[in-house]
Each structure stands twice: as structure tokens, then as C-alpha cells.
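Please read the structure below before turning to the comments.
None of these values were measured; they are calculated from a predicted model. By convention in this document, chain letters (A, B, ...) are assigned in the order of the sequence lines, proteins followed by strands, and residues within each chain are numbered from 1. Keep in mind that the numbers below use all heavy atoms, side chains included, and drop hydrogens, waters and symmetry copies.
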Amino acid sequence: MKIATWNVNSMNVRQGHVIEWLQAHEPDVLVLQEIKQLTEKFPADALGEIGYESLASGQKTYNGVAVVSRAPATDPVTDFPAFDDPQRRVLATTIDGIRIVNLYVPNGSEVGSEKYDYKLRWLASLRDFLAAELEAHENLVVLGDFNIAPADADVYDPEKWGDAILCSPREREALGKLFDLGLTDVFRKFEHAEGTFSWWDYRAAGFRRNAGLRIDLILTSDIMTKRCTASYVDKEPRAWERPSDHAPVVAEFTV
DNA sequence: ATGGTTGGGCGCCAA
């Protein structure tokens, strides 16, 4: 079982990349963030032609999430029960007996800003939502663009980045509360080269300098952690022509 | 190189 996450930064622009990547890697599940299109605009037909089913929760211009899978996705949830939010950032669904929670965590813009406050409130609601999901589903995988680098090892220049957005103590504390629920950042169960990241800023030649962060995460419940045999970043698509600023992150599991 | 690039959609906002 191969499960992957990719912030595509517009499905309109990246549809070709997604299809090419699916055909090359044949994951069982690929979750997408920032599709930036209405649900009905998601290219389910094109993905169907290469053998994938689709489920999307979109909106115009910003945000939007989708799940692409070989097997049908059932029991979708698109909102936290106690958090009224027009922004489409959540898509939880069950595939092959595994509960998949696809997240596009708010960026937060700047520490102390209104958007930062929204990010922290959103993360608090996420914690409550995931506590309930863990109660209901022992096979749980929570993945997506978390917009939080868990530790200094996930930042190209932690001294320079400091406590700025994506690394601030309150964000990392909110992420820590997800670990406290019993979720594991499964990428760190395996060996990786130093400087392995999942996002590189378009600006200032971020990718060429490997000036990146690891902010796209796969969190697993205990049973799924034990079943995980590999987790890695595929940075290849970041070097393709007109790329997303994020690379796909993958986790593989025993059946 | 402490800057600048991309996407959406048409003037800037978001990342």
C-alpha cells in the first residue's frame, strides 16, 4: 500500500504533472492540496482514464483538497464539527480499510498576524477532530501540507529562519499535541540525507540552493506506524518544467 | 543575493 501527498499549487496548471507522477509511481492513494478550483472543475474524468477515482473539496481561487485512489473512497468528511470555516482544507475518507485525513493547514502568513491566530485556532480544532478520528479508526494516516517544520533538521538554515512562520514555538507546540495523541511523523522512522525537504520557495532560487523546509508530513497511528516500511520525498517533480513549489511525499505500508 | 517567483484573475492577495 503506497500513500502519497502533494501540494500541487493549482490543479489547473499541474494536471499533467499529477498524471505523469501517478503513472510513474502507481500509488494506491494520492492526496492533493491547493487545487485552487471548484469541486466540479476537478479533472476526475482524466484521472479515471488512467484508473483512479477522485474525491474533491474545492473552492474558487484558493485552497481546495482532493483524494485520488485506486479503490473507492467512502465516508467523506470535509469540516471539523466545532469549527465553521468556508476555506476548504480538510478531506477525510476511508480507503481499503484505512482512514485517510488530507489536510491543508493554514500558512499563517506572519507570527502575530490575524492569519496566524486563525492557524492556531484551526490547529486546536484539528487536534480535537483527530482525537475523535483515532477513537473511531485504528488504521489512521493524517497527511498533507502542515505548513509547520517539526524541528531544526527540517529547515535549511534554522538560525536564519529563527522563530518565524512555519517554525514558531506555538505552531510546533500545536503539532506536538498531535504527536501526544499517539501520531508519529513516520518520515523520521527512516534514514534520510541531511537537508531532505518537501518545499522550496519559488523566490531566490530556493530549489537550486536546496533552501527548503520539510512541511509536508505523514502522521500515522501506532498500527500504521508498525506497518510502515518506507517514507521518502520524491524531489524529482520539483525540477520539472513549471513545477509546484512542493514535492510529493510518500509512505509505503505492508498490506 | 536578507532578495525575489508563481498562481489566480485583472488589481492585488496569498504563499
Side-chain angles (χ1 to χ4, degrees), chain A residues 5-21 31-43 46 56-66 85-91 102-123 126 143-150 152 154-168 170-172 174-175 195 197-217 233-249:
Chain A
T5 176
W6 195 2
N7 179 325
V8 290
N9 186 20
S10 168
M11 189 60 178
N12 286 327
V13 175
R14 236 64 71 186
Q15 181 178 332
H17 284 197
V18 169
I19 286 171
E20 188 171 340
W21 194 83
V31 305
L32 305 171
Q33 302 86 37
E34 285 204 90
I35 63 170
K36 294 186 173 178
Q37 63 194 161
L38 292 168
T39 301
E40 55 266 33
K41 298 279 187 187
F42 190 80
S57 178
Q59 68 179 88
K60 209 166 148 61
T61 310
Y62 302 116
N63 311 310
V65 286
D85 189 358
Q87 301 189 30
R88 303 293 80 202
R89 299 178 173 279
V90 180
L91 184 51
N102 176 19
L103 301 175
Y104 176 45
V105 176
N107 172 283
S109 186
E110 229 178 296
V111 175
S113 68
E114 206 170 289
K115 291 196 178 76
Y116 183 69
D117 181 60
Y118 164 68
K119 182 178 196 174
L120 295 177
R121 287 187 289 108
W122 194 96
L123 287 165
L126 171 64
L143 73 172
D145 178 358
F146 279 71
N147 269 315
I148 303 170
D152 284 355
D154 302 307
V155 182
Y156 73 101
D157 187 345
E159 296 219 348
K160 172 181 163 180
W161 201 279
D163 291 343
I165 198 69
L166 315 183
C167 294
S168 74
R170 292 178 73 191
E171 295 168 71
R172 284 177 166 169
L175 182 61
F197 306 124
S198 67
W199 168 82
W200 300 261
D201 203 316
Y202 286 124
R203 298 166 291 186
F207 186 63
R208 183 183 54 72
R209 300 186 292 124
N210 196 34
L213 274 69
R214 189 175 69 91
I215 56 177
D216 299 272
L217 309 179
V233 177
D234 177 20
K235 67 191 286 188
E236 197 178 290
R238 186 62 179 76
W240 291 349
E241 198 177 333
R242 208 177 176 193
S244 168
D245 46 353
H246 294 252
V249 182

Original post:
Donor-acceptor pair, A:H17 side chain versus A:E241 backbone, under 3.5 Å?
Top reply: yes
Subject >> Nucleotide B:dT5, atom P - distance to CG of A:D201 in whole Å >> reply: 10 Å
Subject >> d(NE2, A:H246; C1', B:dA15) in whole Å >> reply: 8 Å
**OP:** Could you check A:D152, A:D145, A:D154 and say which one makes a salt bridge (Lys or Arg N to Asp or Glu O under 4.0 Å) with A:R214?
**Re:** A:D154
**OP:** Scan A:F207 against the nucleic acid and name what it touches under 4.0 Å (heavy atoms): base, sugar-phosphate only, or nothing.
**Re:** nothing
**OP:** For A:R209 and B:dA1, give me the distance from atom CZ to atom P, rounded to whole Å.
**Re:** 10 Å
**OP:** Applying side chain to side chain contact (heavy atoms under 4.5 Å, CB included) between A:Y104 and each of A:L32, A:N147, A:V90, report the one that passes.
**Re:** A:N147
Original post:
Side-chain donor-acceptor pair under 3.5 Å between A:N107 and A:K119, yes or no?
Top reply: no
Original post:
What integer distance in Å separates A:N63:CG from B:dC13:P?
Top reply: 17 Å
**OP:** To the nearest Å, give me how far apart CD (A:Q59) and P (B:dC13) are.
**Re:** 18 Å
Original post:
Hey, which of these two, A:A205 or A:P106, hits DNA chain B nearer its 5' end, going by closest nucleotide?
Top reply: A:A205
Original post:
In whole angstrom, what separates A:R208's CZ from B:dT5's P?
Top reply: 12 Å
Original post:
Just how far, in rounded Å, is P of B:dC13 from CD of A:E34?
Top reply: 18 Å
Original post:
Can you tell me how far P in B:dG3 sits from the matching atom in B:dG9, rounded to whole Å?
Top reply: 31 Å
Original post:
Rounded to whole angstroms, how far apart are CH2 on A:W199 and P on B:dA15?
Top reply: 12 Å
Subject >> Ring geometry between A:H246 and A:W199 (parallel below 30°, tilted from 30 to 60°, perpendicular above 60°) >> reply: tilted
Original post:
Is there a donor-acceptor pair under 3.5 Å between the side chain of A:R14 and the backbone N or O of A:P243?
Top reply: yes
Protein-nucleotides 6-12 of chain B N/O pairs under 3.5 Å:
from	atom 1	to	atom 2	distance (Å)
B:dG7	OP1	A:R14	NH1	3.0
B:dG7	OP1	A:R14	NH2	3.4
B:dG7	OP1	A:R242	NE	3.3
B:dG7	OP2	A:R242	NE	3.2
B:dG7	OP2	A:R242	NH2	3.2
B:dG7	O3'	A:S10	OG	3.3
B:dG8	OP1	A:S10	OG	2.2
B:dG9	OP1	A:K60	NZ	3.4
B:dG9	OP1	A:T61	OG1	2.9

**OP:** Between B:dG8 and B:dG4, how far apart are the P atoms? Round to whole Å, please.
**Re:** 23 Å
Original post:
Side chain of A:S198, backbone of A:D216: donor and acceptor closer than 3.5 Å?
Top reply: yes
**OP:** Report the residue (A:R203 or A:S109) whose heavy-atom-nearest nucleotide on DNA chain B is the more 5′ of the two.
**Re:** A:R203
